[in-house]
There are 2 protein chains.
Amino acid sequence: MGIRPRIEVDRSSPIPLYFQVAEQIAEAIRTGELAPGDQLDSEVQIAESLGLSRPTVRQAIGHLVDRGMIVRRRGVGTQILPMPVRREMELTSLHDDLARSGRAPATDVLLLARVPAEPEAAAALGLAAGTPVTKVVRLRRSQGEPLAVMRNWLPEPVPPLTVEVLETRGLYEVLRKAGIRICVARQRIGACTADAEQAALLEERRGAALLTMERTAFDDNGRAVEFGSHIYRASRYSLEVTVTEH
Amino acid sequence: MGIRPRIEVDRSSPIPLYFQVAEQIAEAIRTGELAPGDQLDSEVQIAESLGLSRPTVRQAIGHLVDRGMIVRRRGVGTQILPMPVRREMELTSLHDDLARSGRAPATDVLLLARVPAEPEAAAALGLAAGTPVTKVVRLRRSQGEPLAVMRNWLPEPVPPLTVEVLETRGLYEVLRKAGIRICVARQRIGACTADAEQAALLEERRGAALLTMERTAFDDNGRAVEFGSHIYRASRYSLEVTVTEH
DNA sequence: GCGGTCACTTTGTCCGGACAACAGGTTGAC
DNA sequence: GTCAACCTGTTGTCCGGACAAAGTGACCGC
């Protein structure tokens, strides 16, 4: 016999039932109502108590398994895993992540211009070198301190971008608002040491460790809609990811 | 009208049908039989041609969506995305990954001992500081060159580990063979510069950029079964991940 | 030429059902 | 005390079905 989280579904909501269930179980885990080691009720019991079908409940639980929040064992049941990471790797931008965790993100736009694409950006975007793209360079701060320098290249057509918009919102938020449906991104994560320019921008000493990330985002047509090349102060930033068995 | 990959399912196989379908479509993508931009047949058509149900085919396709290999759009169809990354982040060890990509991994075991757990390892494993654990330190080479130094702490009971086994197999393979079912891992990825000891081990100059990873792996009981702290030569190694919209 | 409508296609969501496989606990025989 | 068999509980896999929602293309009227 397991623990039954307090869940209510709203059939009049446009949000799918399985999604409502998944989010409420996730919230119960985050708030501690469900603690690591706790065992959930069985799928049949949860379905009956919510008036839902078992496949719908299984789909909800499947999402939590994919996020590394719970684990299922045939014949045993479903168990809450130790607390998940602070920052799951999602298709969001650093601005959104910092805002979400209350760390007062601030952004200085260092460049916003229509330029011929450099070869690496052109390749990542599937364009011929020299094709005009919009290039954005921003310095991102957290709690007043420099955290990251982000360079992004956006193929045309580009939604109207202004310095003001870029300084107050995340890039992905802007793109999504413009109707671009980002659905997958490929990232290469590495490290380097800061050269003089990078050190000056990030207020680090030359030679300091930097975390690097190159990312190409695709929309639901398989079209590359953004190429980004970011550097982060390793002294102030790390990535946390959850990997689940497939 | 889409493209129908050449697929055959074997109902006598213990491998689930949805898994067989997913792997064969993935293989068709990897080999180029299905190219980026190609559109798959509809779910109904694939189901009919294979004699499977639509939910089974949907489950197979869902796995490919999760892996960032294809994208679905309601009313439009299913489309192949540009080629996925070389190294997806999976619950495997570096040894397995290098072996898979034919890069002649080699391992020197620098330490294999039962020691009292250092505080950080103890915390990650959910143990009291000083609890005896097995500590493994290995130098991993690729094509003869040093690539990474990996330190791992394993809580008791530990499967029988020998230097020989650790030098020829990946750690996760050994743990799995011993019946430990690793199902989720949490990783923190960062960067640092090499100190004198690290530089010597990795044949890098002092101050060179290193990619760092700390990882805690859990079994299907929610028990921490491994804590690892790895450093990689940034000049020779980067991580590639695919992030999909949830 | 353009906009609106309609029909069709395809995926998304939800349901009920059946059976298989795994796991753990209990019981009885030795 | 140990082991095997059995029973119960739970998840995993697969199925057929229905309807909703999004998207596209053709057609028609202006």
Side-chain angles (χ1 to χ4, degrees), chain A residues 1-4 9-23 25 38-66 70-80 179 181 183 219-222 244-246, chain B residues 1-4 9-23 25 38-66 70-80 179 181 183 219-222 244-246:
Chain A
M1 217 48 60
I3 298 181
R4 188 171 309 175
V9 293
D10 176 6
R11 284 184 182 272
S12 66
S13 169
I15 300 174
L17 294 173
Y18 76 85
F19 195 86
Q20 295 181 42
V21 173
E23 284 305 296
I25 296 180
D38 280 356
Q39 182 149 325
L40 275 181
D41 266 357
S42 73
E43 297 169 356
V44 169
Q45 283 172 317
I46 296 178
E48 283 176 358
S49 71
L50 295 176
L52 299 179
S53 74
R54 189 181 158 221
T56 301
V57 171
R58 277 186 62 77
Q59 184 168 353
I61 294 181
H63 277 243
L64 301 175
V65 171
D66 288 343
I70 64 180
V71 65
R72 298 192 277 204
R73 286 173 68 197
R74 191 185 317 198
V76 177
T78 305
Q79 185 179 355
I80 310 302
R181 281 178 299 204
C183 59
D219 70 4
D220 60 358
N221 279 310
T244 54
E245 177 69 81
H246 278 354
Chain B
M1 216 50 57
I3 299 181
R4 188 171 308 172
V9 294
D10 175 7
R11 285 184 181 271
S12 66
S13 167
I15 300 176
L17 293 173
Y18 76 84
F19 195 85
Q20 294 181 43
V21 173
E23 284 306 296
I25 295 180
D38 280 357
Q39 183 150 323
L40 277 182
D41 265 358
S42 73
E43 296 169 357
V44 170
Q45 283 172 317
I46 295 177
E48 283 175 357
S49 70
L50 295 176
L52 298 179
S53 75
R54 188 180 158 225
T56 300
V57 171
R58 277 185 62 76
Q59 184 167 353
I61 295 180
H63 277 242
L64 301 174
V65 170
D66 288 344
I70 64 180
V71 65
R72 297 193 279 203
R73 286 173 68 197
R74 194 185 314 197
V76 177
T78 304
Q79 184 178 354
I80 310 303
R181 281 177 300 205
C183 58
D219 70 3
D220 59 359
N221 280 312
T244 54
E245 176 70 84
H246 279 354

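Labels below follow one simple rule: chain letters A, B, ... track the order of the sequence lines, proteins then strands, and each chain is numbered from 1.
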Would you please name every residue forming a side-chain contact (heavy atoms from CB on, under 4.5 Å) with B/Q20, sequence neighbours left out?
-> B/V9, B/D10, B/S13, B/I15, B/L17, B/Q24
Please state whether the phosphate of D/dT13, meaning OP1 or OP2, lies under 4.0 angstrom from any side-chain nitrogen or oxygen of B/Y18.
-> yes
Are any side-chain N or O atoms of A/E245 and backbone N or O atoms of B/R181, one a donor and one an acceptor, separated by less than 3.5 Å?
-> no
Base-contact (B) and sugar-phosphate-only (S) positions in nucleotides 15-23 of chain D, heavy-atom cut-off under 4.0 Å, - elsewhere | BB-B--BBS
A/E43 side chain to A/T78 main-chain N or O, any donor-acceptor pair under 3.5 Å?
-> no
Which atoms of nucleotides 6-8 of chain D (N or O only) lie under 3.5 Å from a protein N or O atom, and what are those distances?
none

Does B/T78 have a side-chain nitrogen or oxygen under 4.0 Å from the phosphate oxygens OP1 or OP2 of C/dT10?
-> no
Whole angstrom value for the distance that separates C1' of C/dT9 from CG of B/L40 | 15 Å
Which residue, A/R74, A/R73, A/R72, forms the salt bridge (Lys or Arg N to Asp or Glu O under 4.0 Å) with B/D220?
-> A/R73
Select from B/V44 and B/N221 the residue whose nearest nucleotide in DNA chain C is closer to the 5' end of that strand.
-> B/V44
Spacing between A/Q45 atom CD and D/dT10 atom C1', to the nearest angstrom | 10 Å
Proximal nucleotide (of C/dG12, D/dT13, D/dT11) relative to the B/Q59 side chain = D/dT13
